[in-house]
Amino acid sequence: MAGDVWGPVLSLAGVVVGGGLTAFAQGATQRSAERTEQRRQAVAAAESRRAEQLQVLKEFVAKAQEAERVAYSRPDPWGDDENGWMTGAGPVMTTLWTASGNVMLLCDEALHEPVRLYGYALNQAVWRDIGDSEVNEHLETHKAAFMTAARKSLASG
């Protein structure tokens, strides 16, 4: 009778081992799929974040260009709101400062100082707090520093 028992016992042991290996393989496959999904989600989030950063940088550059146009079109000498220049300059500078705040909020910390300095230089150029310097000469260094920092930030992201 001992020989009759070994057959079913070995068969049952085979089923248990096979079931265990199947469960282990399914668990490993599930964990691998979860890790792949997490990586996919991390890549998607990083791409979304980069697109958002690129958008605020483009907005800041556009607002900086508007501020430059205002600086170049400023009447000299000026007093009252000649031809509506001051009425138009105020909102342009407000949108520039808003755009710079968005950069500070959403972009790498390495951009904070170049954005602040470029915005400050634009503000000085618009309100002619630049002495005898030309607008482009006054802005050149700060604009170049901002653009370099922006490129580095986007490349590293």
Side-chain angles (χ1 to χ4, degrees), residues 1-73 87-127 129-130 133 135-157:
M1 178 146 159
D4 293 338
V5 173
W6 281 109
V9 167
L10 289 175
S11 178
L12 181 61
V15 169
V16 169
V17 169
L21 289 174
T22 300
F24 176 75
Q26 286 178 340
T29 302
Q30 180 65 31
R31 285 189 302 276
S32 176
E34 288 170 358
R35 283 191 305 269
T36 300
E37 179 61 18
Q38 287 173 344
R39 280 192 299 268
R40 187 197 65 76
Q41 287 177 356
V43 167
E47 287 174 359
S48 175
R49 179 82 169 167
R50 185 176 188 283
E52 188 177 40
Q53 290 171 343
L54 182 59
Q55 183 60 38
V56 297
L57 286 170
K58 287 165 70 174
E59 179 185 346
F60 178 76
V61 169
K63 300 307 177 186
Q65 291 300 311
E66 287 180 37
E68 279 190 47
R69 281 192 295 278
V70 168
Y72 282 114
S73 69
T87 303
V92 167
M93 294 310 294
T94 299
T95 60
L96 173 70
W97 292 122
T98 301
S100 72
N102 290 339
V103 172
M104 301 275 195
L105 181 65
L106 296 172
C107 293
D108 187 54
E109 197 171 320
L111 278 173
H112 293 186
E113 190 68 4
V115 165
R116 188 187 68 76
L117 292 174
Y118 184 33
Y120 183 67
L122 284 163
N123 192 64
Q124 289 175 315
V126 167
W127 304 113
D129 189 18
I130 59 176
S133 297
V135 171
N136 60 333
E137 291 173 359
H138 178 71
L139 296 175
E140 186 175 332
T141 304
H142 299 295
K143 184 177 187 177
F146 161 72
M147 292 296 204
T148 299
R151 277 191 296 275
K152 283 181 184 176
S153 175
L154 289 172
S156 68

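For clarity, every value in this text was computed on a predicted model and none was experimentally measured. The basis for the numbers below is simple: all heavy atoms, side chains too, and nothing from hydrogens, waters or symmetry mates.
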Check: How close do Ala110 and Ala149 get, heavy atom to heavy atom, and via which atoms?
Finding: O-CB, 4.3 Å

Item checked: Under 3.5 Å: donor-acceptor pair, side chain of Ser32, backbone of Ala28 -> no

Margin query: For Glu47 and Arg50: C-alpha separation, side-chain torsions, deciding distance, then whether salt bridge (Lys or Arg N to Asp or Glu O under 4.0 Å) applies.
Written below: CA-CA 5 Å; Glu47 287 174 359; Arg50 185 176 188 283; over 6 Å; no

Item checked: Close side-chain approach of Leu57 and Leu111, heavy atoms under 4.5 Å -> yes

Notebook entry, point to check: At what distance, to the nearest 0.5 angstrom, does NZ of Lys143 lie from OG1 of Thr148?
Noted result: 12.0 Å

Item checked: Heavy-atom donor-acceptor pair, Gln53 side chain to Leu106 backbone, under 3.5 Å -> yes

Note to self: Tell me if a side-chain donor or acceptor on Ser100 pairs with a main-chain N or O of Trp97 at a distance below 3.5 Å.
What the structure shows: yes

Check: Do the non-hydrogen side-chain atoms of Phe60 and Asn102 ever get within less than 4.5 Å of each other?
Finding: no

Notebook entry, point to check: Between Gln30 and Glu34, do the side chains contain an N or O donor and an N or O acceptor separated by less than 3.5 Å?
Noted result: yes

Next item on the list: Give the C-alpha distance, both sets of side-chain angles, the deciding distance and a yes or no for salt bridge (Lys or Arg N to Asp or Glu O under 4.0 Å) between Glu37 and Arg40.
Entry: CA-CA 5 Å; Glu37 179 61 18; Arg40 187 197 65 76; 2.6 Å; yes

Check: Roughly how far apart are Leu96 CG and Glu68 CD, rounded to 0.5 Å?
Finding: 10.0 Å

Item checked: Residue pair Met104 / His112: nearest heavy atoms and the distance that separates them -> O-NE2, 2.9 Å

Next item on the list: Quick one: pull up CE in Met93 and CG in Leu122 and give me the separation to the nearest 0.5 Å.
Entry: 6.0 Å

Check: Could you give the distance from CD (Gln38) to CZ (Arg35), rounded to the nearest 0.5 Å?
Finding: 8.5 Å

Check: Under 6.0 Å from the CD atom of Glu140, do we count more than 12 heavy atoms belonging to anything else shown?
Finding: no

Check: For Ala67, does its backbone N or O pair with a side-chain atom of Tyr72 as donor and acceptor, under 3.5 Å?
Finding: no

Notebook entry, point to check: Are the side chain of Ser48 and the backbone of Ala44 linked by a donor-acceptor contact shorter than 3.5 Å?
Noted result: no

Margin query: Between Ser156 and Ser153 (side chain of the first, backbone of the second, donor and acceptor by atom type, cut-off under 3.5 Å), is there such a pair?
Written below: yes

Next item on the list: Drop me the distance from His142's NE2 to Tyr120's OH, to the nearest 0.5 angstrom.
Entry: 9.5 Å

Notebook entry, point to check: Going from CD on Gln124 to CG on Leu139, what distance comes out if it is rounded to the nearest 0.5 angstrom?
Noted result: 9.0 Å

